Amino acid sequence: MKTAAQFSVSYHQFLNAKGALAEPPPGLDLPALVPVYRTMAFTRAFDARAVALQRTGQLRTFPSSLGEEAATVGLASVMRPDDVLLPTYRETGAFLWRGVTPVEIFLYWAGDERGSAIAGPRGDFPISVPIASHCGHATGVAAAFQYRKEARVAVCVLGDGATSKGDFYEAVNLAGVWRLPAVFVVINNRWAISVPAARQTACATFAQKAIAGGVPGVQADGNDAVAVRHVVGQALERARSGEGPTVVELLSYRLTDHTTADDARRYRSADEVSAAWAEEPLVRLRALLAREGLWTKADEEALIADNQARLEAAVADYLATPPQPLTSMVDYLYAELPAELVAQRAELAAREGGHHG
Amino acid sequence: MKTAAQFSVSYHQFLNAKGALAEPPPGLDLPALVPVYRTMAFTRAFDARAVALQRTGQLRTFPSSLGEEAATVGLASVMRPDDVLLPTYRETGAFLWRGVTPVEIFLYWAGDERGSAIAGPRGDFPISVPIASHCGHATGVAAAFQYRKEARVAVCVLGDGATSKGDFYEAVNLAGVWRLPAVFVVINNRWAISVPAARQTACATFAQKAIAGGVPGVQADGNDAVAVRHVVGQALERARSGEGPTVVELLSYRLTDHTTADDARRYRSADEVSAAWAEEPLVRLRALLAREGLWTKADEEALIADNQARLEAAVADYLATPPQPLTSMVDYLYAELPAELVAQRAELAAREGGHHG
Amino acid sequence: MADLTLIEAVNLALARALEDDPDVVLIGQDIGVNGGVFRATGGLAARFGEERVRDTPLAETVIAASAVGMAVEGMKPVAEIQFAGFMYSCFDQLINHAGRLRTRTRGRLTCPMVLRTPVGGGIHAPEHHSESPEGWLAHIPGIKVVTPSTPAAAYGLLLAAIRDPDPVVFLEPTRLYRMLKEPVADDGAALPLGRAFVRREGADITLVSWGATLVEVGQAAQTLAERGVSAEVVDVATLRPLDSATLLASVSKTGRCLIVHEAPRLFGAGAEIAAQVASEALMSLVAPVGRLAGYDTVMPLARLEDDYLPSAARIVAAAEALMAYR
Amino acid sequence: MADLTLIEAVNLALARALEDDPDVVLIGQDIGVNGGVFRATGGLAARFGEERVRDTPLAETVIAASAVGMAVEGMKPVAEIQFAGFMYSCFDQLINHAGRLRTRTRGRLTCPMVLRTPVGGGIHAPEHHSESPEGWLAHIPGIKVVTPSTPAAAYGLLLAAIRDPDPVVFLEPTRLYRMLKEPVADDGAALPLGRAFVRREGADITLVSWGATLVEVGQAAQTLAERGVSAEVVDVATLRPLDSATLLASVSKTGRCLIVHEAPRLFGAGAEIAAQVASEALMSLVAPVGRLAGYDTVMPLARLEDDYLPSAARIVAAAEALMAYR
Ligand SMILES: Cc1ncc(C[n+]2csc(CCOP(=O)(O)OP(=O)(O)O)c2C)c(N)n1
Ligand SMILES: Cc1ncc(C[n+]2csc(CCOP(=O)(O)OP(=O)(O)O)c2C)c(N)n1
Ligand SMILES: [Mg+2]
Ligand SMILES: [Mg+2]
């Protein structure tokens, strides 16, 4: 018996739950963490507001990212603007960092397609609900970059549950063999609706799934913004320099219900949730920044006020957005409307003109 | 940076290409290898005959398993009769060992459904052409065994190319988390039609794909019948005793065209193929048996004659098999024929009675 | 006899099947402790054990494939796909395996599995949660496609599906899950598959539909009655095998036919019914066969969903247009 | 102008597209060095490089998904699925993504990809190699479904598919790959998508078909002519968007319509055409709309395959039955 191959998965944490920075990563840019913190805080405020809107019937369904802000904002903060983000649905922090507007995000969760007609970033993919089905889009986007010799990276974000779909694995395997400039970020928030990670897979880590694609897999504390930026940054660097894809697992925790349609009390204990609160990402980053003299109480107060004002304005704009015409149902199906849709469009226009039957 | 997890894949070979048995596995039952050798030799003779039938228009398409006999016969030889085999299409040796008749195999490759209506083994799955789509059947079968507390194992065989399908990965992951009594045997014959293993995946081994399911993966020399029986035997034992699934990679080589419809000279060198002949499984097992006094020249001659006689008889029976009636097209679609098929059946019966329009 | 919603009737039928037959096992995402995102399996894991009501990883292909494997091995798996929009990755298993195993093995192996999934719009759920896949499914040889329109039908048809010796896809209209209640007896009695149900008798026009749209069809029939038009309402219930006899008998009587469904019209399930009626009942028809269906586009997101669905008013208008033929 | 087989015409169109547009890239299994199992891409890797004619791992889902990703990113991917029986695992990508991206982003993102695949029976290939998936595909909003019936059509329609701004599934009838040759000019001229072609003019009955079955339809038309029946033959060519106008014009002229296809009849693509013809051309029809299709079962293996396919004799018989109506 010989050993045919050996593998290991590394774990990265810099900023612990208490906000202590044991050994910072080489070249840590502390001031760069301030805007990261700001967007994390705005994301949390946005989330709370979106849930409130849903509770009062002003949004349809909303998946809160409470507790996952270091992961989502952190990963976006090390991407370049012309990299392409391929998200699932819980990456509000990444959307906001990359310039998607709060109004667009509200519209999407109100059930309005214009929420995916974002003004920027132009190449980013819309929210993808069919789990993991966007992983192969990332390989396609990365293949286009590689073909055109552009130093851009496709960043695909997915959940722990999503790793169980064959789509994820097929994409990682293809990315591996084609050495594509792609990064697969698995945000392991420990739950896929009611299914805990331990029932999703027998794996000790989600990062090790990379090994099946012959690709490096690394794990980090996803509630540590410093670690997130470090591991995702390194993966982006590898991809950009032609060394191929990486699977990054970010360990976090979904602190609230799966979506506003869910009631997590049915399947997990309050104790588990309170324990997880001790690890949440915002407090520890704030502690670091405060200790380093980069953040004051006054900054925090100003930020809170500013966030509220931005949200008020966004909610007002969102609520004032006029409805789409009925004809918009058919207008975008093809570049050119085929005969049946010309007829149906006319019917819809007539319905719009008259009563809504 | 800590290490979150570590893995390794072991490689097993006992009988080298020269037929030397360096260090035999514990408890090696040498006489048990005689019937294994016999079936391997019959498989090779069967293959040659099937290719010849195809070349003369008496079979449609045939996928030879030339060079893979130690893998297919070896794995079947350690299964119990009531285990369930879920094959793909190149496991003729396993079919023959388990009691599928040569006539049934001929019928299948003649394009006759009765080739899948095998008399035994009753629970075995038919040949599965859509690559890897049978992997999830294995998890279902294994789940049934587990649920009923039966000490049986589902054995799913697939190729190197098949490991790229999400179906394989989803099944391994499910088998891992449910600790199912399933064994996934990947016969790595280095090619998937024209695509070499190195273009199929960036992985150094196919066994390591197990790691993505949190499952052990082992690699063996698939041209060494002793190693095949050892690693598959151990995997079966693990499964049977409730320890869960294993992925076994058997390294072999497809010594001929993908099927009779293929011409491998288009995409690989004659040199590579001749080099692979030096590793082929039959000669080395015969050398071992001869050295151990278990096989003589007379045995070999008798076997050749016996195999030819069995094949002659099988070919005669196959060619004498009457055609299926036209009505058999619709007769087996449902337990009970719905109205449209009652009508179509009548039409088919009438066509059969009259001319074949 | 308790008054039950459709989702409660589904739950009751599942409980009854689990009770009656130890070979019945449920698998799916979030169906165990959580009881399913719609509560279809609520309480069942606690009552029958997690071995029999089993959460799977998030992987539809292997859910369907495992159901095939279990069924072949003699069990009666009932797999849940959380929403119809996530069942497309099961099509390979349905087309290439579930629907073929009996045929390709000349009856040696069979596949008595059920794949349940919520279908349709009207509850303002997120993107991809409001799909109507029956047109695709009904074109698959070897499987059966069933969709109930009332709580009692859900109970009886689901039991029939589970007991059926062949694979059945069971489509549960989400819009009906909690819309109305009716008395459902837990008597273990199955309703026949492959049978259409005349939900309302009438003389002037046949309205054909299935699933949730029957609500609006019923309202339309009422309005038509008030306007002097007697509409017969046929609930197709089983799309495959299709009960053409009942459909043709009704149209032969009324002479007019309007088919209503929520999926897009082009190449949808209504086309087959229209083609059969137009061909087989040609001599009775006094008007062309009408189809009122979803627009030939993607089901819009929540805000325009209600405007996409065939409304009672549009059904009435379409029926009246057919009544204009004499 | 060289005489080419259909597969040579496909190869020529691919070469032309690769030549004309650097954004065109081919991906698929065994399409590189091997040139495809049918040689559709023979010589192209050598000529255009393996970057542009790229072998993929054996994974249809990620082939389709990567094509979506490349297309969104502005390329023109042409993906090959080795046989239609292996494309079912792409349905999720076609339904949930390719056909929706434009709509769900209000035109921000588009998906100009092509998915090519061989279809149909008649070459006695192994199990799952003789599928006719057009009925499923044509029901998917947002994609186009095209199938050529001659070498020249293959060349022109494939170029059109590659240049189209929306996703196109291009179905190549294997039975026609090497059946006949015709002159094909490599002039880079595309044929229009969404247009049916009248392949033979006639006065008494319209025979509607697409792909390989047009061979038997043509033979049947010839036999009918010899028996004094003038049949018009319409090649649908593009199933979606369907050229209803051409179909209806023909039937309005002839008064009779027989639709012929190889896929099973029930809920197949012929149903939509029959439904439209029966409804829109009702006043011109002197006979019910006929459909002659594959039996409602699984395509049998090679031995019974020829008996399954609609033969010229059966087409003639079905047409004559319709001619009996006056
Ligand atoms: C293919 C598919 N199956 C099922 C669902 C329903 N669903 C939505 S979210 C979800 C859980 C996802 O878990 P995970 O990937 O861990 O992401 P998280 O929600 O935790 O961020 C499920 C099952 C879906 N959207 N897509
Ligand atoms: C899903 C699917 N895609 C494509 C094919 C066509 N095909 C048949 S065999 C084969 C290669 C299989 O390679 P591998 O898994 O290594 O098995 P081997 O033939 O080498 O035994 C391909 C691509 C198929 N049968 N199924
Ligand atoms: Mg999760
Ligand atoms: Mg191989």
Side-chain angles (χ1 to χ4, degrees), chain B residues 84 86 108 112-119 122-130 133-148 150 152 154 156 165-178 180 324 328-341, chain C residues 22-23 25 27 51-52 54-75 77 79 89-90 92-93 95-97 99-113 141-144 164-167 193-194 238 240-245 276:
Chain B
V84 165
L86 298 106
Y108 181 82
D112 190 314
E113 285 82 358
R114 287 171 299 182
S116 297
I118 53 175
R122 291 296 298 176
D124 279 11
F125 273 57
I127 282 172
S128 184
V129 167
S133 61
H134 62 312
C135 296
H137 304 161
T139 49
V141 169
F145 295 161
Q146 184 184 60
Y147 175 72
R148 298 203 210 104
E150 296 172 346
R152 298 165 65 193
C156 178
K165 287 279 288 182
D167 305 56
F168 163 66
Y169 164 73
E170 289 193 10
V172 172
N173 188 60
L174 179 72
V177 72
W178 284 7
L180 293 176
Q324 295 189 93
S328 72
M329 267 189 236
V330 299
D331 274 348
Y332 303 94
L333 195 66
Y334 297 97
E336 200 183 318
L337 284 197
E340 70 273 7
L341 291 187
Chain C
D23 286 334
V25 164
I27 60 173
E51 296 280 277
R52 299 191 67 194
R54 204 159 182 184
D55 278 340
T56 61
L58 205 170
E60 282 76 11
T61 306
V62 80
I63 292 174
S66 296
V68 170
M70 293 170 91
V72 168
E73 191 43 47
M75 299 194 56
S89 45
C90 306
D92 184 41
Q93 286 296 326
I95 299 171
N96 274 334
H97 291 293
R100 274 178 210 215
L101 268 158
R102 184 188 286 275
T103 285
R104 58 196 292 266
T105 64
R106 310 282 86 173
R108 179 173 72 89
L109 303 180
T110 62
C111 190
M113 65 181 269
I143 71 164
K144 300 185 175 178
D164 197 86
D166 288 304
L193 301 188
T238 303
R240 186 172 189 128
L242 186 67
D243 181 1
S244 306
Q276 287 193 21

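These numbers were taken from a predicted model, which means no experiment stands behind them. Note: hydrogens, waters and symmetry copies are ignored here, and every other heavy atom, side chains too, is used. Residue numbers start from 1 in every chain, and the chains themselves are labelled A, B, ... in the order their sequence lines are given, proteins ahead of strands.
- For chain C, no part of B:A339 is nearby; none of its heavy atoms comes within less than 4.5 Å.
- Contacts of B:I127 with chain C are made by backbone atoms alone, with heavy-atom separations under 4.5 Å and no side-chain atom involved.
- B:F125 is linked by a ring pair (Phe, Tyr, Trp, His ring centres under 6.0 Å) to B:H137, counting only residues two or more places apart in sequence or in another chain.
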Please tabulate, for side-chain N and O atoms in residues 67-75 of chain C, each donor-acceptor pair with protein atoms closer than 3.5 Å (sequence neighbours left out).
from	atom 1	to	atom 2	distance (Å)
C:E73	OE2	B:R152	NH1	3.2

**Request:** Assess whether side chain to side chain contact (heavy atoms under 4.5 Å, CB included) is satisfied between B:W178 and C:T56, documenting all intermediate values.
**Result:** CA-CA 9 Å; B:W178 284 7; C:T56 61; 3.8 Å; yes
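- Separating the CZ atom in B:R148 from the CG atom in C:D23 is a distance of 6.0 Å, to the nearest 0.5 Å.
- Judged purely by atom type and a 3.5 angstrom limit, C:R104 has no side-chain atom pairing as donor or acceptor with the backbone of B:S116.
- Comparing B:G115, B:S328, B:A143 by heavy-atom pairs within less than 4.5 Å of chain C, the highest count is held by B:S328.
- Not a single donor-acceptor pair under 3.5 Å links the side chain of C:R52 to the backbone N or O of B:Y147.
- With a 4.5 Å cut-off on non-hydrogen atoms, C:E60 touches chain B through its backbone but not through its side chain.
- Your options are C:P112, C:A65, C:P22, and the one with the most heavy-atom pairs under 4.5 Å with chain B is C:A65.
- Between chain C and the residues B:P130, B:A144, B:S128, B:S133, the largest count of heavy-atom pairs under 4.5 Å involves B:S133.
- Between chain C and the residues B:Q146, B:R114, B:R122, the most heavy-atom pairs under 4.5 angstrom are made by B:R122.
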**Item:** Test side chain to side chain contact (heavy atoms under 4.5 Å, CB included) applied to C:S66 and B:L174, step by step
**Value:** CA-CA 9 Å; C:S66 296; B:L174 179 72; 3.4 Å; yes
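- Only the side chain of C:R240 comes within contact range of chain B, judged by heavy atoms closer than 4.5 Å.
- A pairwise comparison of heavy atoms in C:V62 and B:T139 identifies CG2-OG1, 3.6 Å as the closest pair.
- Across C:P141, C:G194, C:P165, the residue that shares the most heavy-atom pairs under 4.5 angstrom with chain B is C:P141.
- Expressed to the nearest 0.5 Å, how far CD of B:E336 lies from CG of C:D164 amounts to 9.0 Å.
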**Asked** How far apart are the C-alpha atoms of B:E340 and C:L242, what are their side-chain angles, what is the distance that settles it, and do they pass the side chain to side chain contact (heavy atoms under 4.5 Å, CB included) test?
**Response** CA-CA 9 Å; B:E340 70 273 7; C:L242 186 67; 5.8 Å; no
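- Contact annotation for C:T110: neither backbone nor side-chain heavy atoms come within less than 4.5 Å of a heavy atom of chain B.
- The residue among C:A59, C:G99, C:P241, C:G142 with the most heavy atom pairs within less than 4.5 Å of chain B is C:G142.
- Looking at every heavy atom in both residues, C:T61 comes nearest to B:E170 through CB-OE1, 3.2 Å.
- Within 6.0 Å of atom CD in B:E150, more than 12 heavy atoms from other residues, nucleotides or ligands are found, so the atom counts as buried in its surroundings.
- In this structure, the portion of C:I143 lying under 4.5 Å from any heavy atom of chain B is its backbone and not its side chain.
- Looking at B:V177, the atoms closer than 4.5 Å to chain C (heavy atoms on both sides) all sit in the side chain, from C-beta outward.
- Top candidate by heavy-atom pairs under 4.5 Å with chain B, chosen from C:H97, C:R54, C:R106, is C:R106.
- Residue B:V84 touches chain C through its side chain alone, counting heavy-atom pairs closer than 4.5 Å.
- Contact annotation for B:I118: both backbone and side-chain heavy atoms come within less than 4.5 Å of a heavy atom of chain C.
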